[in-house]
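Counting starts at 1 for both ligands and their atoms, following the listed order. These figures come from a predicted structure and were not determined experimentally. Numbers here are sequence positions counted from 1.
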Amino acid sequence: MSFAPLGQGVSIPADPGRLRAAVGAYDFGEPADPAAVLEDVAELLRGGTVHTTHPRYFGLFNPAPTLLGVVGETLAAAFNPQLAAWSHAPAAAEIEAHLLRFLGGRLGYPAEAVAGSFTSGGAEANLTAVLLALTKAWPEYGTAGLRALPGRPVLYASAESHLAWLKIAHGTGIGREAVRLVPVDASLRMDLGRLADLVASDREAGDLPFMVVGTAGTTGAGVIDPLPELAAFCAEQGLWLHADAAYGGARTSG
Ligand SMILES: Cc1ncc(COP(=O)(O)O)c(C=O)c1O
C-alpha cells in the first residue's frame with residue numbers, strides 16, 4: 001500500500017510559502033464542497049509529507065501503515081466509542097481489556113496481574129508511569145499535591161532515554177531538574193554503577209529517589225537497558241521500576 005506520488009522520492013522538498021498560502025486560502029467564511037476539500041487536502045499531504053508508505057522508505061522508526069491498520073482506525077473513527085464509561089462502549093472496553101491481557105501475557109504477566117489502558121503513545125504512557133510511581137510512594141501526592149511531600153522527588157533514566165521525561169517532569173510538577181540522566185556504558189546501556197552512585201548521593205543530599213526507568217529499545221539505537229539488574233536494584237532500594245517499551249514493546253508481537 002503506497003500513497004506516495006508515483007515517480008517521486010520518499011521526501012519531497014517542501015516550499016513553506018506555497019504551503020502556507022494553500023492552507024491560508026481556507027478562511028472558513030464560505031461553505032466548501034467536501035469532495036473538493038478532500039481532494040485538496042490529499043494533494044497537500046501528498047506533496048508535503050515524508051512518505052512512510054513509499055516502497056523505498058527504510059526509516060521504519062515511524063512505521064509504514066498496514067492496510068488493516070488503516071481500516072481499523074477508520075472503524076474506530078466511524079463508531080467513535082467513548083471509553084470513559086464501560087456502559088457507553090462495552091464492546092470497545094472489552095476489546096481493549098482482552099488485548100491488554102494478551103499483550104501482558106506475552107510480557108510474562110499472569111492475566112489477573114494485567115491492568116491498563118491504551119494511550120496515545122509513549123509519552124502519555126510514561127506520564128502515566130510517573131503519576132503511578134509518585135502516588136505509590138506518597139499517596140498524599142494525589143490529594144494534597146507535591147507540597148505535601150517531605151522533599152524533592154527524583155527519577156532516573158539513561159542519557160539515551162527518550163527526552164519526553166523532561167516534559168513529563170515539568171508537567172507533573174517535579175521539575176526538569178528532578179530527572180537524572182544516568183550515563184551509559186560503551187554499549188549505550190544504562191551504567192548501573194553510575195546509577196547507584198547518583199541514587200546514593202541524591203539520598204545524602206536529602207532528595208527523594210522514587211523511580212528508575214529502564215528503556216526497552218532506545219529511540220536512537222534500539223538498545224535495551226539491563227532490566228533484570230535494574231529490577232534487582234529497585235527492589236533493594238525500594239524504587240519503582242518502569243520499563244519504557246514504546247519502541248521495543250513491538251517485539252512482543254512476534
Ligand atoms: C523509547 C521511547 N519512549 C517514548 C517515546 C514517545 O512516544 P510518542 O511519540 O508515541 O509519545 C518514544 C518516541 O520516539 C520512544 O522512542
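Scanning for ring-ring contact (aromatic ring centres under 6.0 Å, His included) contacts around Tyr247 gives Phe61, with sequence neighbours left out. Applying the salt bridge (Lys or Arg N to Asp or Glu O under 4.0 Å) criterion to Glu43, with sequence neighbours excluded, gives Arg46. When the salt bridge (Lys or Arg N to Asp or Glu O under 4.0 Å) test is applied to Arg203, no partner is found at least two apart in sequence or on another chain.
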Distances under 3.5 Å, N/O of ligand 1 against N/O of the protein: list each pair and its distance.
unit_1	atom_1	unit_2	atom_2	d
ligand 1	3 (N)	Asp244	OD1	3.2
ligand 1	3 (N)	Asp244	OD2	2.7
ligand 1	7 (O)	Gly122	N	3.2
ligand 1	10 (O)	Gly122	N	2.9
ligand 1	11 (O)	Gly122	N	3.3
ligand 1	11 (O)	Ala123	N	2.8
ligand 1	16 (O)	Thr219	OG1	2.8

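Distance alone, capped at 3.5 Å, is enough to place a donor-acceptor pair between the Thr119 side chain and the Gly121 backbone. A donor-acceptor pair under 3.5 Å is absent between the side-chain atoms of Asp202 and the main chain of Asp207, judged by distance alone. When atom types are taken as modelled, the side chain of Glu160 and the backbone of Gly220 share no donor-acceptor pair closer than 3.5 angstrom.
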